[in-house]
2 protein chains.
Amino acid sequence: MEESKSGTVRAVDRALDILLCFTDTTDLGLTEIAEKTGLHKSTVFRLLASLEAKGFVTRDSSTEKYKLGFRIWELSVNLSQGDDPATILLPEMERLRDILGETISLYIRDGSERIRIQAVQSKHSIRRVAPIGARLPLYVGASSKVLIAFADMNTQENMINDWKEFIDISAYKDQMAGIRKVGYATSVEEREPGVAAVSAPVFNRSHQLVAALSVSGPLNRLTLENMKDHAGLIIESANRMGNMLR
Amino acid sequence: MEESKSGTVRAVDRALDILLCFTDTTDLGLTEIAEKTGLHKSTVFRLLASLEAKGFVTRDSSTEKYKLGFRIWELSVNLSQGDDPATILLPEMERLRDILGETISLYIRDGSERIRIQAVQSKHSIRRVAPIGARLPLYVGASSKVLIAFADMNTQENMINDWKEFIDISAYKDQMAGIRKVGYATSVEEREPGVAAVSAPVFNRSHQLVAALSVSGPLNRLTLENMKDHAGLIIESANRMGNMLR
DNA sequence: CTAATTGTTTCACATGATGAAACTAAGTTA
DNA sequence: TAACTTAGTTTCATCATGTGAAACAATTAG
């Protein structure tokens, strides 16, 4: 991996790189971590010893794979509310709602589900939407497509493998490739009759997917034509959100 | 602080110690971190440079204090559900409910509120309880007293300072000292008429408070007498929970 | 205005981090 | 069953890195 940045501590940089391997995977072996980080196995072993001793990673007793430890949860509890992405991104979501006049939602993937972590309601629509915190499946909706299409390859393979009995794998992969190409996904009446949605990925500064930004509304306002018209604005807004997250 | 453990990487140990300063504080200056960790300011400065470069801490632009960065949230999202403390501790909560026959709850502190992160309902009571995820104030209830009494001194001072217009500070401090002495807190009809509660602290392996375990029920079953009788069992159960968390 | 405090930079030096090599254990294949 | 492969662990010579003391700059307090 990259050599030490000026002014940083190389061993610490490396240990944090190991932790960051767990942003989209829950279980990893030592050799897998060495491959992901480009570090020697003996180096990874020692750095993991430090992370494990302080509770940042733990060793699963049955699989012997490494996973994130309790301290990550403990620290996350103490993230102040002002730093919560759901709070940081709210003004930009409100700005987008004011421009487009539709309901704006933000979703993250959690295993084989997505969670609605923030929402700004359309001013004129009074239809029901899933409450914040709701867990929804990943096989319907524009944001589900985004959370799969822009996920790492391992996650995509796992989801596709889970669904192999229900989908045309080849057609699904083509659909995901098309979404990556245009940079957004659409859905029409997939989760709810009469409702369409457009969704774009939110990436962090390391170009990793962190959330899906979604605009939804009734079919008479979100036609295929103006979904395409809105896509550029939604992608641009998602990019602005990515820049707001450190 | 302590010298390197056998087989760990000293610089990484130190950087993680810096991160762990944020388990009960949201904002810290460089000198404060140096004091908490016993490290030289120039050492802390360099280690923070690594943590900041990778997004684990960030510098507040107005106060210039350090705070936890976005990556902590991002990693916590990927903690697998099996590692979520609310999941890990559920069997022990069920065991306690089966013994005592009352409603068991687990609370964590978040700023000036507490959050109910897990609950096991009494088998015979059908009274309403706050749903999981509910935010409740910290100035009522046995678990509130525990979350204050066993918090670090800074947190206690901050809460007391917030409430100084509404409480007898001296009496409150005496009450907190008494709770620390016996190891548990009680409340009678503080949040809800006809309901009493007993609460004990859950500490992690570093003896830091992570949650409050609470048993609640109607006054006719939770008299002062049998709250005292139950306290020992509740404390013992909270200790078992602390050992379950890595 | 002066003193104190916090944060930042520099650099000589000691030691800690590294990876190559070897080893152990477990799983896979023929 | 034996041989091979893979993953994880240990050892150690080497040198690059991490450290803290000192000095400096900026800000705050009296």
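Treat the numbers as computed from the prediction; the structure is a model and nothing was measured.
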A.B. asks: Check whether any side-chain N or O of A/R59 sits under 4.0 Å from OP1 or OP2 of D/dT9, and answer yes or no.
C.D. replies: yes
A.B. asks: Of the listed nucleotides (C/dT18, C/dA20, C/dT8), which one gets closest to any side-chain atom of A/R14?
C.D. replies: C/dT18
A.B. asks: When you get a sec, tell me which of C/dT8, D/dG18, D/dT9 is the closest nucleotide to the side chain of B/A11?
C.D. replies: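 Closest nucleotide among those given: D/dG18.
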A.B. asks: Looking just at side-chain N and O atoms, do A/S143 and A/R114 make a donor-acceptor pair shorter than 3.5 Å?
C.D. replies: yes
A.B. asks: Expressed as a whole number of angstroms, how long is the span from B/L47:CG to C/dA17:P?
C.D. replies: 11 Å
A.B. asks: Grab the CZ-P distance between A/R10 and D/dC15 for me, whole Å please.
C.D. replies: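 Nearest whole value for this atom pair: 14 Å.
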A.B. asks: Take atom CG of A/L30 and atom P of C/dG19, then tell me their distance rounded to the nearest Å.
C.D. replies: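 Roughly 13 Å, once rounded to whole Å.
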A.B. asks: Output the single nucleotide from C/dT18, D/dT19, C/dT6 whose closest atom is nearest the side chain of B/K41.
C.D. replies: C/dT6
A.B. asks: Name the residue closer to the 5' end of DNA chain D, choosing between A/V12 and A/G29 according to the nucleotide with the nearest heavy atom.
C.D. replies: A/G29
A.B. asks: Taking CD1 from A/I33 and P from C/dG19, how many angstroms apart are they, rounded to a whole number?
C.D. replies: 15 Å
A.B. asks: I need the CG-C1' distance between B/L48 and C/dG7, as an integer number of Å.
C.D. replies: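 To the nearest whole Å, that distance equals 11 Å.
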A.B. asks: Considering every strand and a 4.0 Å limit on heavy-atom distances, what is the contact class for A/S42: base, sugar-phosphate, or nothing?
C.D. replies: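 Base contact - A/S42 has a heavy atom under 4.0 Å of at least one base atom.
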A.B. asks: Assess whether a salt bridge exists between B/E32 and B/K36, defined as any Lys/Arg side-chain N lying under 4.0 Å from an Asp/Glu carboxylate O.
C.D. replies: no
A.B. asks: I'd like to know if the side chain of B/T23 reaches the main chain of A/L75, judged simply by a donor and an acceptor atom lying under 3.5 Å from each other, with no hydrogens or angles considered.
C.D. replies: no
A.B. asks: I need the CD-P distance between B/E35 and C/dT6, as an integer number of Å.
C.D. replies: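 Distance, rounded to whole Å: 7 Å.
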A.B. asks: Which listed nucleotide (C/dG7, D/dT19, D/dT9) is nearest to the side chain of B/F45?
C.D. replies: C/dG7
A.B. asks: Considering only side-chain heavy atoms of B/T31, which listed nucleotide, C/dT18, D/dA21, C/dG7, is closest?
C.D. replies: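 The answer is C/dG7.
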A.B. asks: State whether A/R71 and A/E52 are salt-bridged, where the test is any N-O pair (Lys NZ or Arg NE/NH1/NH2 against Asp/Glu carboxylate O) under 4.0 Å.
C.D. replies: no
A.B. asks: Please name the residue in the list B/I33, B/T43, B/L28 that meets the side-chain contact (heavy atoms from CB on, under 4.5 Å) test with B/I18.
C.D. replies: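 That would be B/I33; it is the only one of B/I33, B/T43, B/L28 passing the side-chain contact (heavy atoms from CB on, under 4.5 Å) with B/I18.
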A.B. asks: Take atom CD of B/E64 and atom P of D/dT27, then tell me their distance rounded to the nearest Å.
C.D. replies: 8 Å
A.B. asks: Choose from C/dA20, C/dG7, D/dG20 the nucleotide whose nearest atom is closest to any side-chain atom of A/H40.
C.D. replies: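 Comparing C/dA20, C/dG7, D/dG20 against the side chain of A/H40, the answer is C/dA20.
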A.B. asks: Distance check needed: C/dG7 C1' versus B/Y66 OH, whole Å only.
C.D. replies: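 Taking OH of B/Y66 and C1' of C/dG7, I get 8 Å after rounding.
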A.B. asks: Closest approach to the side chain of A/R46, judged atom by atom: which nucleotide of D/dT10, C/dG19, D/dA22 is it?
C.D. replies: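 The listed nucleotide nearest to A/R46's side chain is C/dG19.
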